[in-house]
Amino acid sequence: MNIEGKVALITGAGHVMGIGYAIVRQLLGKRVKGVGILDINDENGREVLDILQNEFGEHRVIYVNCDVTSKTDLEGAFEKVKTHFGKLDIVCNNAGIQNEVNWELTLNINLMGTIRGTYLALEHMGVNYGGSGGIVINTASIAGIMTTSHLPVYGASKHGIVAFTRSIASNRTFKENKIRVSAFCPAKVDTPIQD
Ligand SMILES: NC(=O)C1=CN([C@@H]2O[C@H](COP(=O)(O)OP(=O)(O)OC[C@H]3O[C@@H](n4cnc5c(N)ncnc54)[C@H](O)[C@@H]3O)[C@@H](O)[C@H]2O)C=CC1
Ligand SMILES: CCCCCC(=O)CC\C=C/C=C/C=C/[C@@H](O)[C@@H](O)CCCC(=O)O
């Protein structure tokens, strides 16, 4: 697929060892026009911004502080990315945590953050909202397909992402607005979430 010239937004891509950062590198390597990186961790976010701007060019990457549990934060970040690059074509809802003790937060970030990001993508890319259509990619997990008795809430959050994505992918409003939605389900990857 040719994504040259497209503009992407990705949540939770603020760590050099993370899956989001790897996705950003792939997007930039395939010559997208620009990428907006959203993360809650400013120190890590500024580090990846510095590396990516040096390697791919100062004008192709921005970092925006954003907590995906906050609708206001997320709305503001979408606006910043769209204003900076002039459009938006690809949204990756990738931010996630694994915390079975603070399980409400796990659901709020993993599942609700993904749902918030997907609905904002409709409003920012949909043809009936003045956009040109686009693609949403949600990071689920193998824990969204199989049982994980040691991670029940994390597994529930990822099953939720899979169910939401499958339903919204064939949702009439999304189809009419030319928004394609999909999810992917990685197995274990050596990233900070495993610490
Ligand atoms: N590492 C693995 O084995 C697997 C990870 N995943 C998923 O991949 C995604 C990325 O995780 P990893 O790269 O593994 O770990 P990671 O910890 O590097 O990435 C998660 C990122 O989300 C950010 N984040 C946390 N809370 C946030 C919030 N409220 N708002 C905005 N950003 C926030 C973190 O600062 C971090 O940069 C997650 O959704 C995770 O569940 C899925 C399958 C396997
Ligand atoms: C600390 C882990 C952070 C989460 C990162 C991931 O998303 C990786 C996937 C996590 C767990 C995957 C577990 C898969 C288990 C299956 O093999 C299942 O068949 C095991 C069955 C037994 C059980 O329910 O525990």
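Counting starts at 1 for both ligands and their atoms, in listed order.
- Among protein heavy atoms, the minimum distance from atom 2 (C) of ligand 2 is reached at Gln194 OE1, 3.5 Å.
- Counting only heavy atoms of the protein, atom 11 (C) of ligand 2 lies nearest to Thr148 CG2, 3.8 Å.
- The protein heavy-atom contact nearest to atom 38 (C) of ligand 1 is Asn94 O, 3.2 Å.
- Set against the non-hydrogen atoms of Ser141, the atoms of ligand 1 under 4.0 Å away are 42 (C), 43 (C).
- Cluster membership for Phe184 and Val189, using ILVMFWY side-chain heavy atoms within less than 4.5 angstrom, is shared.
- Note on ligand 1: Lys188 sits in its first shell, one or more heavy atoms being nearer than 4.0 Å.
- With hydrogens and angles ignored, the 3.5 Å screen pairs no side-chain donor or acceptor of Arg180 with any backbone N or O of Gly134.
- Contact record, Val127 with Gly133: CG1-N, 3.8 Å, taken as the closest heavy-atom pair.
- Asn108 and Thr69 form no side-chain donor-acceptor contact under 3.5 Å, judged by distance and modelled atom types alone.
- Near Gly14, meaning under 4.0 Å from one of its heavy atoms, ligand 1 places the atoms 37 (O).
- The main-chain N or O of Thr139 is found under 3.5 Å from a side-chain atom of Lys158 such that the two form a donor-acceptor pair.
- Any N or O atom pair closer than 3.5 Å counts here, and Asp39 shares at least one such pair with ligand 1.
- To the nearest 0.5 Å, the span separating CD1 on Ile179 from OH on Tyr129 amounts to 9.5 Å.
- Residue Val189 places at least one N or O, backbone or side chain, under 3.5 Å from an N or O of ligand 1.
- A donor-acceptor distance shorter than 3.5 angstrom exists from the side chain of Tyr63 to the backbone of Asp39, with no hydrogens or angles considered.
- Counting the atoms of ligand 1 from 1 in the order shown, those under 4.0 Å from a heavy atom of Tyr154 are 6 (N), 7 (C), 40 (C), 41 (O), 42 (C).
- A donor-acceptor contact shorter than 3.5 Å is absent between the side chain of Lys6 and the backbone of Lys33.
- Close approach of ligand 1 to Ile97 (heavy-atom distance below 4.0 Å) involves ligand atoms 25 (C), 26 (N).
- Residue-level proximity to ligand 1 for Ala143 is absent, since no heavy atom of it falls below 4.0 angstrom.
- Scanning the protein for heavy atoms near atom 5 (C) of ligand 1, the closest one is Ile19 CD1, 3.5 Å.
- Linking ILVMFWY residues whenever their side-chain heavy atoms come closer than 4.5 Å, directly or via other members, places Leu74 and Leu111 in the same cluster.
- A donor-acceptor contact shorter than 3.5 Å is absent between the side chain of Asn93 and the backbone of Ile10.
- Below 30°, between 30° and 60°, or above 60°: for Phe164 and Tyr119 the angle between ring planes is above 60°, a perpendicular geometry.
- At distances below 3.5 Å, at least one donor-acceptor pair connects side-chain atoms of His159 with backbone N or O atoms of Ala143.
- Heavy atoms of Thr11 come nearer than 4.0 angstrom to ligand 1 in no pair at all.
- Under the 3.5 Å distance criterion, the side-chain polar atoms of Asp73 are matched with a main-chain donor or acceptor of Asp67.
- Neither the backbone nor the side chain of Ala13 comes within 4.0 Å of ligand 1, counting heavy atoms alone.
- Judged by distance alone, with hydrogens and angles left aside, the side-chain atoms of Glu47 form no donor-acceptor pair with the main-chain N or O of Val16 at under 3.5 Å.
- Of the protein's non-hydrogen atoms, Ser149 OG, 3.3 Å is the one closest to atom 23 (C) of ligand 2.
- Shortest contact from atom 10 (C) of ligand 2 to any protein heavy atom: Leu151 CD1, 4.1 Å.
- Where the criterion is an N or O separation shorter than 3.5 Å, residue side chain and backbone included, Lys188 fails it with respect to ligand 2.
- Of all protein heavy atoms, the one closest to atom 17 (O) of ligand 1 is Ile193 N, 3.6 Å.
- Judged by distance alone, the side chain of Asn177 and the main-chain N or O of Asn128 form a donor-acceptor pair under 3.5 Å.
- Heavy atoms of Ala187 found under 4.0 angstrom from ligand 1 belong exclusively to the backbone.
- Those atoms of ligand 2 with a heavy atom of Gln98 less than 4.0 angstrom away are 1 (C), 3 (C).
- Within the 4.0 Å heavy-atom shell around ligand 1 one finds Ala140.
- Shown here for Phe85 and Gly36, the closest heavy-atom pair between the two residues is CE1-N, 4.2 Å.
- Of the protein's non-hydrogen atoms, the one nearest atom 20 (C) of ligand 1 is Gly96 O, 3.5 Å.
- In the vicinity of Asp67, heavy-atom distances shorter than 4.0 Å reach the ligand 1 atoms 28 (C), 29 (N), 30 (N).
- In terms of protein heavy atoms, atom 26 (N) of ligand 1 is closest to Ile109 CD1, 3.6 Å.
- Here is the list of ligand 1 atoms found below 4.0 Å of a heavy atom in Cys66: 30 (N), 31 (C).
- Ligand-side atoms of ligand 1 in range of Gly18: 13 (O), 18 (O), range being under 4.0 angstrom from any heavy atom.
- Taking atom 6 (C) of ligand 2 as the reference point, the nearest protein heavy-atom neighbour is Tyr154 OH, 3.4 Å.
- Residue contact annotation: Lys158 has a non-hydrogen atom under 4.0 Å from ligand 1.
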Go through the steps to decide whether Asn99 and Thr106 satisfy the test side chain to side chain donor-acceptor pair (under 3.5 Å), and finish with yes or no. CA-CA 6 Å; Asn99 187 334; Thr106 298; 5.1 Å; no
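- Nearest protein neighbour of atom 8 (O) of ligand 1, counting heavy atoms only, is Thr139 CG2, 3.3 Å.
- Looking at atom 33 (C) of ligand 1, its nearest protein heavy atom turns out to be Ile40 CG2, 3.6 Å.
- For atom 19 (O) of ligand 2, the nearest protein heavy atom (residue, atom name, distance) is Met146 CE, 3.4 Å.
- For ligand 2, the atoms sitting less than 4.0 Å from at least one non-hydrogen atom of Ile142 are 9 (C), 12 (C), numbered in the order shown with element in parentheses.
- Comment: Glu75 does not engage Arg116 in a salt bridge, judged by the lack of any side-chain N to carboxylate O separation of less than 4.0 angstrom.
- The part of Gln194 lying near ligand 1 is the side chain, judged by heavy-atom distances below 4.0 Å.
- Considering backbone and side-chain atoms together, Thr191 places an N or O closer than 3.5 Å to an N or O of ligand 1.
- Scanning the protein for heavy atoms near atom 22 (C) of ligand 2, the closest one is Thr147 OG1, 4.1 Å.
- Annotation: atom 19 (O) of ligand 1 to nearest protein heavy atom, Gly12 O, 4.0 Å.
- The only member of Thr11, Val64, Leu52 that meets side chain to side chain contact (heavy atoms under 4.5 Å, CB included) when paired with Ile37 is Leu52.
- Using a distance-only test at 3.5 Å, with no hydrogens or angles considered, a donor-acceptor pair links the side chain of Gln53 to the main chain of Val61.
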